[in-house]
Amino acid sequence: MTEMGAGGGFRQPPEPGQAMVAFDFDGTLTVRDSFTSFLRKRAGRRRWALGLVRLAPATAAYARDRDRGAIKAAAVKEFLQGVSRTELEADAEAYAARAWRKLMRPDALEAWNDWGQRGAHRVIVTASPALTVLPFARRLGAEGLLGTDLTFDADDRITGTFKSPNCRGEEKVRRLTAAYGSGLRLKAAYGDTSGDTEMLAIADHVGFRVFRERP
């Protein structure tokens, strides 16, 4: 049985002794940041440009404190606040269908499929909102998806804040152990930034920036 989270993440309980393999998403399985691309495509040229102007204070703050979670939350509030869960899910599905061929790295997909053929439990661990990555995870046949969770109000509309901390750095390991148990050891892990360091540290095989191919 697959366990679904309200934020869009999910996991299938692994079999006893099954190898666990974790993949970062943006920049690892993909050639660029999928969430920024999704927001830009969804907003359209004029709305995107206006939103960037409104985000200038958050951008300036990020230049000082490098708080990725804060600037991501500001972007969610600017571009997605008030959007219903149903609308976001439909937009994310449409984006994945359009972007798949231009976004996914062929060599990363090869490694992903190889681990699947070897019977591994493959989980995507991403700082992007789980709901926007969910259509990609389904296409990949992922056994698990852990991401940053959005919050919704009583009418099931996005509030503009996050339910969980930005899923990078130590938070990736915290989310993995919360989902799969303390003392978790990964058979392999793949990432491309300093935000993946802690996750890579609990893996037997470390794949840091090993995927280079472009569609």
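Numbers for residues simply follow the sequence, beginning at 1.
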Closer than 4.0 angstrom, basic N to acidic O: yes or no for Glu213 and Arg105?
no

Give a yes or no on whether a salt bridge exists between Arg175 and Asp149, defined as a side-chain N under 4.0 angstrom from a carboxylate O.
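Between Asp149 and Arg175 there is a salt bridge, with a charged N closer than 4.0 Å to a carboxylate O.
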
Between [X] and [Y], is there a shared hydrophobic cluster once you connect ILVMFWY residues whose side-chain heavy atoms come closer than 4.5 Å?
| X | Y | value |
| --- | --- | --- |
| Leu109 | Leu103 | yes |
| Leu29 | Leu134 | yes |
| Val125 | Phe162 | no |
| Phe10 | Leu146 | no |
| Phe25 | Phe23 | yes |

Does a side-chain heavy-atom distance below 4.5 Å link [X] with [Y]?
| X | Y | value |
| --- | --- | --- |
| Asp24 | Phe208 | no |
| Ile71 | Leu55 | no |
| Val133 | Phe38 | no |
| Leu88 | Leu150 | yes |
| Arg42 | Val83 | yes |

Residues that Asp153 engages under salt bridge (charged side-chain N to carboxylate O under 4.0 Å, His left out), provided they are two or more places apart:
none

Test salt bridge (charged side-chain N to carboxylate O under 4.0 Å, His left out) applied to Arg54 - qualifying residues, sequence neighbours left out:
Glu78

Interatomic spacing from [atom1] in [X] to [atom2] in [Y] - rounded to 0.5 Å:
| X | Y | atom1 | atom2 | value |
| --- | --- | --- | --- | --- |
| Lys41 | Thr36 | NZ | OG1 | 12.5 Å |
| Ser164 | Arg174 | OG | CZ | 7.5 Å |
| Leu80 | Asp91 | CG | CG | 9.0 Å |
| Glu93 | Arg98 | CD | CZ | 11.0 Å |
| Thr197 | Arg168 | OG1 | CZ | 8.5 Å |
| Arg40 | Leu52 | CZ | CG | 9.0 Å |

Using the ring of each side chain (for Trp, its six-membered ring), is His121 parallel, tilted or perpendicular to Tyr180, with breaks at 30° and 60°?
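Rings of His121 and Tyr180: perpendicular, as their planes differ by over 60°.
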
Nearest non-hydrogen partners of [X] and [Y], listed with the distance:
| X | Y | value |
| --- | --- | --- |
| Pro215 | Met104 | CG-O, 3.2 Å |
| Ala75 | Leu39 | CB-CD1, 4.2 Å |
| Ala58 | Ala74 | CB-CB, 3.7 Å |
| Pro57 | Val53 | CD-O, 4.4 Å |
| Thr28 | Ala108 | O-CB, 3.5 Å |
| Phe136 | Ala96 | CZ-CA, 3.5 Å |

For the CZ atom on Arg68, are there more than 12 heavy atoms of other groups (residues, nucleotides or ligands in this structure) within a distance under 6.0 Å?
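No.
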
Can you tell me if CZ on Arg185 sees more than 12 non-hydrogen neighbours from other groups inside 6.0 Å?
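Yes - once you tally the heavy atoms of other residues, nucleotides and ligands closer than 6.0 Å, there are more than 12.
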
Please tell me whether Ser34 and Tyr95 have a donor and an acceptor in their side chains that are separated by less than 3.5 angstrom.
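There is no such pair (donor and acceptor under 3.5 Å, judged by atom type) between the side chains of Ser34 and Tyr95.
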
Does a donor on one side chain and an acceptor on the other come within less than 3.5 Å for Thr161 and Thr159?
yes

Are the side chain of Lys172 and the backbone of Gly195 linked by a donor-acceptor contact shorter than 3.5 Å?
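A pair under 3.5 Å: no.
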
Counting N and O atoms only, with roles assigned by atom type, does the side chain of Thr148 sit under 3.5 Å from a partner on the main chain of Cys167, one being a donor and the other an acceptor?
yes

According to side chain to side chain donor-acceptor pair (under 3.5 Å), does anything in residues 106-119 pair up with another residue at least two apart or in another chain? List the pairs.
Asp114-Arg118, Trp115-Tyr190

Taking the six-membered ring of Phe211 as reference, does the cationic atom of Arg209 (NZ for Lys, CZ for Arg) lie under 6.0 Å from its centre and within 45° of its axis?
no

Assess the residue pair Lys163 and Phe152 against the criterion (side chain to side chain contact (heavy atoms under 4.5 Å, CB included)); give the C-alpha distance rounded to whole Å, side-chain angles, the decisive distance to 0.1 Å, and a yes or no.
CA-CA 9 Å; Lys163 181 180 180 181; Phe152 294 82; over 6 Å; no

Under the side chain to side chain contact (heavy atoms under 4.5 Å, CB included) criterion, do Asp26 and Asp192 qualify, and how do the steps go?
CA-CA 8 Å; Asp26 297 301; Asp192 73 308; over 6 Å; no

Could you go step by step and tell me if Leu140 and Ile124 meet the side chain to side chain contact (heavy atoms under 4.5 Å, CB included) rule?
CA-CA 10 Å; Leu140 287 164; Ile124 296 171; 3.8 Å; yes

Single hit among Glu198, Met199, Glu171, Arg11 for side chain to side chain contact (heavy atoms under 4.5 Å, CB included) with Leu176
Met199

